[in-house]
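Scroll down for the structure; my scribbles are underneath it.
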Amino acid sequence: ESIIVKELASKMGREASEVIKKLMMLGVMVTINQEVDFDTASLIATDFGVTVEALPPEEDPTEIPEIEDDEADLVIRPPVVTVMGHVDHGKTSLLDAIRQTRVTQQEAGGITQHIGAYQVVCQGKKIVFLDTPGHEAFTAMRARGAQVTDIAILVVAADDGVMPQTIEAINHAKSAKVPIIVAINKMDRPGANPDRVKQQLGDHGLVPEDWGGDTIMVPVSAHQKTGIEELLEMILLMAEVQEIKANPNRAAYGIIIEAELDKGRGPVATVLVQKGTLRIGDSIIAGTAFGKVRAMVNDRGEKVKKAEPSTPVEVLGLADVPQAGDILVAVDEKTARAVAEKRIAKRRTEEMQQSQKVSLDDLFKQIQDGNIKDLNIVIKADVQGSIEALRQSLLNLNTGEEVRVSIVHAGVGAINESDVMLASASNALIIGFNVRPDGNARKAAESEKIDIRLYRVIYEAINDVEAAMKGMLAPEY
Ligand code: GDP
């Protein structure tokens with residue numbers, strides 16, 4: 001809740017300079033293009049005899065309001081499971097073993113499709129497995145606000161025990177509040193030692209049931225396909241306890257698991273429907289992509305007309321490729337289009353802001369816009385003595401004004417790619433004294449939009465920086 005000074009002034013029919021003066025008296029130093037918060041604005045306005053009212057919080061045009069489900073409408077849905085664990089402990093093998101034992105044998109001769117997730121049936125009940133093992137995918141989706149997983153299977157090799165990524169996986173599942181079932185894999189290996197695994201897991205807060213704890217641990221062998229049935233049963237048991245539910249009778253809400261541009265079919269996205277039912281003809285939006293469901297294909301390659309909660313389906317009909325982790329909702333066509341356009345515009349502004357790095361030429365403008373408070377500089381020079389001279393003179397420009405010069409890095413030698421990356425990360429410009437950028441640095445500077453200034457006279461370098469800074473020091477109100 002804030003307002004730009006210029007706008008505040010014009011709303012009150014006053015000169016900006018009057019407003020700025022009043023603000024200064026309150027100890028608030030701002031320029032005409034900077035913002036003041038609601039409290040400050042109303043204080044000033046009261047001084048001018050104007051009352052200020054806060055607007056009701058505006059609806060975010062890039063968001064689609066969530067539908068609240070009535071508890072009574074919720075019904076049990078299949079659990080969604082992610083397989084995590086240390087590299088080479090058998091995550092992929094376990095996923096394959098489950099798929100082979102449960103899917104192909106049922107669908108006599110059916111070809112399973114890799115669409116990013118698949119459903120298996122055990123005791124007449126469904127379980128959904130996400131096909132990308134590992135916590136990276138899991139975390140990437142969570143970072144985008146999408147919680148896909150209901151249960152995590154932690155795979156630990158019986159002959160290798162708890163390893164760094166095992167611990168990482170435990171922490172990721174814990175922080176997402178996702179319950180863990182442990183699959184102690186490679187039980188067929190001669191060196192298999194499940195008790196040692198249990199011991200080690202106990203040190204990380206996972207105590208097996210047979211030792212008085214509450215973590216389910218199932219010995220399995222992905223190779224020999226032993227223990228798979230029991231593992232699936234344990235998943236169902238936990239799902240029952242967790243009461244995993246959703247309302248199937250509402251507009252669909254789901255998460256994009258994967259998406260790609262298919263040469264023949266156009267944008268294809270795998271959606272895991274979480275709530276509601278997705279139907280052919282539904283108009284949908286996912287991230288910045290919108291469209292109409294033209295066709296849906298399930299994990300067995302069959303065309304389907306609808307997808308209920310916990311069903312992964314490939315969806316055709318989006319006009320654009322969404323990103324994994326994007327939330328998909330079914331909403332009327334007009335809203336879908338309007339919100340997608342708003343999101344695209346928002347993304348553009350964000351991208352522009354990101355690419356708006358410092359350059360001496362627009363320094364003054366950026367300072368005026370309030371974008372810059374520190375002028376970060378990377379110095380490269382031919383000799384240490386020049387670096388010191390430059391550093392001192394540049395720091396001498398700091399006379400307590402709004403913008404301060406700050407040297408983020410200084411070194412002897414040519415400007416290299418790592419200097420450019422540092423400048424990019426710290427929003428700095430690079431000053432080279434009697435040195436030049438090498439080829440890679442030049443390329444990187446171009447793509448990162450980093451301003452590299454080369455000088456042979458120290459005085460000129462100082463002069464340029466000072467002039468750029470002075471630009472902003474000049475305006476008087
Ligand atoms: P991921 O990196 O966790 O996905 O592990 P993989 O599924 O790729 O398996 C790593 C290695 O362990 C592969 O060489 C597998 O053949 C082997 N492996 C996986 N499961 C078993 C198992 O149950 N028994 C044995 N002996 N080897 C296994």
Side-chain angles (χ1 to χ4, degrees), residues 79-105 111-120 122 127-142 148-176 178-201 204 206 208 210 215-235 257-258 270 272 299 312 324-325:
V80 179
V81 179
T82 303
V83 174
M84 304 199 236
H86 195 70
V87 64
D88 278 349
H89 278 197
K91 299 178 293 290
T92 313
S93 306
L94 185 64
L95 279 166
D96 286 347
I98 293 168
R99 189 204 309 264
Q100 277 163 26
T101 51
R102 306 302 312 185
V103 183
T104 42
Q105 88 185 14
I111 305 155
T112 52
Q113 304 275 313
H114 281 269
I115 65 167
Y118 62 87
Q119 273 188 340
V120 300
C122 172
I127 303 171
V128 182
F129 284 89
L130 294 184
D131 234 351
T132 340
H135 55 259
E136 291 82 5
F138 174 86
T139 308
M141 287 206 195
R142 221 157 68 80
V148 200
T149 308
D150 301 306
I151 296 168
I153 303 295
L154 179 67
V155 179
V156 187
D159 59 344
D160 202 22
V162 169
M163 298 299 273
Q165 284 170 290
T166 315
I167 297 163
E168 270 178 47
I170 293 172
N171 293 334
H172 282 283
K174 275 188 184 158
S175 84
V178 171
I180 296 173
I181 293 177
V182 176
I184 304 178
N185 189 32
K186 306 199 188 182
M187 286 299 289
D188 58 292
R189 282 268 176 98
N193 186 349
D195 277 351
R196 189 173 69 110
V197 173
K198 289 179 184 177
Q199 182 85 54
Q200 291 172 331
L201 287 170
H204 294 280
L206 300 180
D210 45 337
T215 304
I216 301 171
M217 299 196 184
V218 186
V220 301
S221 163
H223 268 194
Q224 305 195 324
K225 304 204 172 61
T226 53
I228 306 290
E229 198 66 30
E230 201 194 345
L231 180 64
L232 296 179
E233 281 166 22
M234 288 303 149
I235 293 171
I257 305 291
E258 316 186 326
T270 297
L272 178 68
D299 53 338

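Counting starts at 1 for both ligands and their atoms, following the listed order.
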**Prompt:** For ligand 1, is there an atom lying under 4.0 Å from some heavy atom of M187?
**Reply:** no
Could you find the nearest protein heavy atom to [atom] and give me its residue, atom name and distance?
atom                    : answer
atom 20 (N) of ligand 1 : N185 ND2, 3.1 Å
atom 5 (O) of ligand 1  : G90 N, 3.1 Å
atom 2 (O) of ligand 1  : D88 N, 2.8 Å

If you look at every heavy atom in [X] and [Y], which pair is closest and at what distance?
X    : Y    : result
K186 : A192 : O-CB, 3.8 Å
T149 : V178 : O-CG2, 3.7 Å
H89  : V155 : O-CG1, 3.3 Å
A183 : I153 : CB-CG2, 3.9 Å
V162 : V156 : N-CG1, 4.0 Å
L272 : P312 : CD1-N, 3.9 Å

**Prompt:** Taking the minimum heavy-atom distance to atom 15 (C) of ligand 1, which of K225, Q224, K186, H223 ranks first?
**Reply:** H223
**Request:** Pick whichever of I184, D160, T92 has a heavy atom sitting closest to atom 4 (O) of ligand 1.
**Result:** T92
**Message:** With nothing but distance in play, are any N or O atoms of L94 less than 3.5 Å from an N or O of ligand 1?
**Reply:** no
**Item:** A222, any N or O under 3.5 Å of ligand 1 N or O
**Value:** yes
**Fill in**
Checking heavy atoms under 4.0 Å, the part of V155 that sits near ligand 1 is neither
**Request:** For ligand 1, note which part of D188 has a heavy atom under 4.0 Å away: side chain, backbone, both or neither.
**Result:** side chain
Using a strict 4.0 Å cut-off to heavy atoms of [X], name the atoms of ligand 1 that fall inside it.
X    : value
H86  : 3 (O)
S93  : 6 (P), 7 (O), 9 (O), 15 (C), 19 (C), 20 (N)
S221 : 23 (O)

**Message:** Can you confirm whether T215 sits close enough to P208 that some side-chain heavy atom of one is under 4.5 Å from a side-chain heavy atom of the other?
**Reply:** no
**Message:** Would you say that P79 contacts I235 through its side chain, given a criterion of any heavy-atom pair below 4.5 Å between the two side chains?
**Reply:** yes
**Prompt:** Less than 4.0 Å between atom 13 (C) of ligand 1 and some protein heavy atom, yes or no?
**Reply:** no
**Side-chain donor or acceptor of K91 paired with backbone N/O of G85 under 3.5 Å** = yes
